[in-house]
There are 2 protein chains.
Amino acid sequence: MNPPAKESRKMIRVVIAEDQSMVLGALAALLEIEGDISVVARAKNGKEALQAVLTQKPDVFITDIEMPEMTGLDVAAELRRRHLATRVIILTTFARAGYLRRALEAGASGYLLKDMRAEQLADAVRRVQQGLRVIDPELATEAWAEPDPLTDRERQVLRLAGDGLSSGDIAADLSLSEGTVRNYLSEAISKLGASNRVEAARLARTKGWL
Amino acid sequence: MNPPAKESRKMIRVVIAEDQSMVLGALAALLEIEGDISVVARAKNGKEALQAVLTQKPDVFITDIEMPEMTGLDVAAELRRRHLATRVIILTTFARAGYLRRALEAGASGYLLKDMRAEQLADAVRRVQQGLRVIDPELATEAWAEPDPLTDRERQVLRLAGDGLSSGDIAADLSLSEGTVRNYLSEAISKLGASNRVEAARLARTKGWL
DNA sequence: TTTTCGCGATGACAATTGTCACCCGCGCCG
DNA sequence: CGGCGCGGGTGACAATTGTCATCGCGAAAA
């Protein structure tokens, strides 16, 4: 650990986004311990995060995926669209291939799981800042495995079905006919090899296809 | 912040349990910053946590609820059963009345949400160590509101139904007849004011009745 | 010792769900 | 131009699900 140099000359400037304040604060504390890393802003949702990154232009942006307002993946995609130089590290609970694929497509440099050892976070920040990629090894292999077989409609319908809505409710919600909804559901069920809508929804969710 | 006194004479000794290593490490870092708090052990699941608390006999034990092997609530209950002097703080994502009630029944001194401000954790530790209770204010009010109307059977059945099992599967799993399963489900659905098994399961879960 | 209650079970019936075959219109591509 | 795929839809049928009334049994309460 380097002696904390006050001037941020060689310090790696970091912005963190995470919706659980306590975890956010804790992660910041964790990084601040390192002498060469400085947390220049914290955000509790996607929009705040985007703002913070645009104004601070940090070296590295660490973000959760599931947040209010805008997901971390969306923020990453937006940053890429704007050609920001900031490197993005996704830090999430979910080891879902679909998430990783989307993260990489959004130009993320890192994808870490919250159950990795705490020390690895600072390491990852340093590596990423040097232009390297840091991907959770287990995920890296299966990442490009299954490429979401669902169509947009199937996804929508499945999401609502997973929340307990009946076919009729879903139909009303989406301005479709009930029969059509059942058709989509049926398609999704068979594509996923499930035996009913609930199982199908659960499966899709764990794959990150939502 | 007191000057870090190396001898642990007046230091508050803390054990932390949390299944996501990174969060665990971060929380520990957060507390270690405080001069008067010392993290003497960390656990990544319920059993480890119980062990750690029994051998370390810390002043305060901070634990997540949903963990492998044994939930934080179970650990708290076990500590109470053994008349440990250690105070327990539950630190969780879930603002569920049912969880809070069970936590209090298990003798916990604190119930904090992970989306509270990070600084409040250290405060809570100090207060709890002085014998005070620290309960999230929003939850405190509605805590004793609804007292879980479900019977054990209904709970079991509902849990499986929520995972997408069919009535037949559930019946097989529980060695019941399919009709009986449907009866329980029907009961649960009406008790919860839901309109089908999926919604019922979702409702029960958000109330912490699992 | 009755009565009540919870658990488990039947049977029957209506509603919802899952499956299939087939139809329409539109846009894209060879 | 003709064909194909895709979003959307119908109708029909079987399976599953949700609801009720009703029964038996054992244990706790009156």
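Source: prediction; values computed, not measured. A note on names: the letters A, B, ... follow the listed sequences, proteins ahead of strands, and every chain is numbered from 1.
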(request) Would you kindly give the CD-to-P distance between B:Glu187 and D:dT19, to the nearest whole Å? (result) 10 Å

(message) With a cut-off of less than 4.0 Å, is there a side-chain N or O of B:Tyr184 near OP1 or OP2 of C:dG8?
(response) yes

(message) So, using side-chain hydrogen bond (donor to acceptor under 3.5 Å, both in side chains) as the criterion, who are the partners of B:Arg159 when residues are at least two apart?
(response) none

(request) If a protein heavy atom is under 4.0 Å from the base, mark B; if only from the sugar-phosphate, S; if neither, -; do that for nucleotides 11-18 of chain D going 5' to 3'. (result) -B----BB

(request) Check whether any side-chain nitrogen or oxygen of B:Arg153 sits under 4.0 Å from OP1 or OP2 of C:dG6, and answer yes or no. (result) no

(message) Between P on C:dC7 and CZ on B:Arg155, what's the gap in Å once rounded to a whole number?
(response) 10 Å

(message) Check this for me, if you would: do A:Glu34 and A:Arg126 make a salt bridge, where the nitrogen-to-carboxylate-oxygen distance has to be below 4.0 angstrom?
(response) yes

(message) Whether B:Ser190 contacts D:dT19 is assessed here as follows: a side-chain N or O lying under 4.0 Å from the phosphate OP1 or OP2. Is that the case?
(response) no

(message) Which residues pass the side-chain hydrogen bond (donor to acceptor under 3.5 Å, both in side chains) test with A:Gln56, not counting sequence neighbours?
(response) A:Arg13

(message) Check this one for me: any side-chain N or O of B:Thr180 less than 4.0 Å away from OP1 or OP2 of C:dA9?
(response) yes

(message) Taking salt bridge (Lys or Arg N to Asp or Glu O under 4.0 Å) as the cut-off, I'd like each qualifying pair that reaches into residues 187-203 of chain A, sequence neighbours left out, listed once.
(response) A:Glu154-A:Lys191

Pairs of donor and acceptor atoms involving the side chains of residues 86-98 of chain A, under 3.5 Å and at least two apart or interchain, shall be tabulated with distances.
{"unit_1": "A:Thr86", "atom_1": "OG1", "unit_2": "A:Pro58", "atom_2": "O", "d": "2.7"}
{"unit_1": "A:Thr92", "atom_1": "OG1", "unit_2": "A:Phe94", "atom_2": "N", "d": "3.1"}
{"unit_1": "A:Thr93", "atom_1": "OG1", "unit_2": "B:Gln20", "atom_2": "NE2", "d": "3.2"}
{"unit_1": "A:Arg96", "atom_1": "NE", "unit_2": "A:Arg205", "atom_2": "O", "d": "3.2"}
{"unit_1": "A:Arg96", "atom_1": "NH1", "unit_2": "A:Arg205", "atom_2": "O", "d": "3.2"}

(request) Please name all residues satisfying side-chain hydrogen bond (donor to acceptor under 3.5 Å, both in side chains) with A:Arg127, sequence neighbours left out, ordered by chain then number. (result) none

(request) Give the rounded distance in Å between these two atoms: CG of B:Asp152 and P of C:dC5. (result) 18 Å

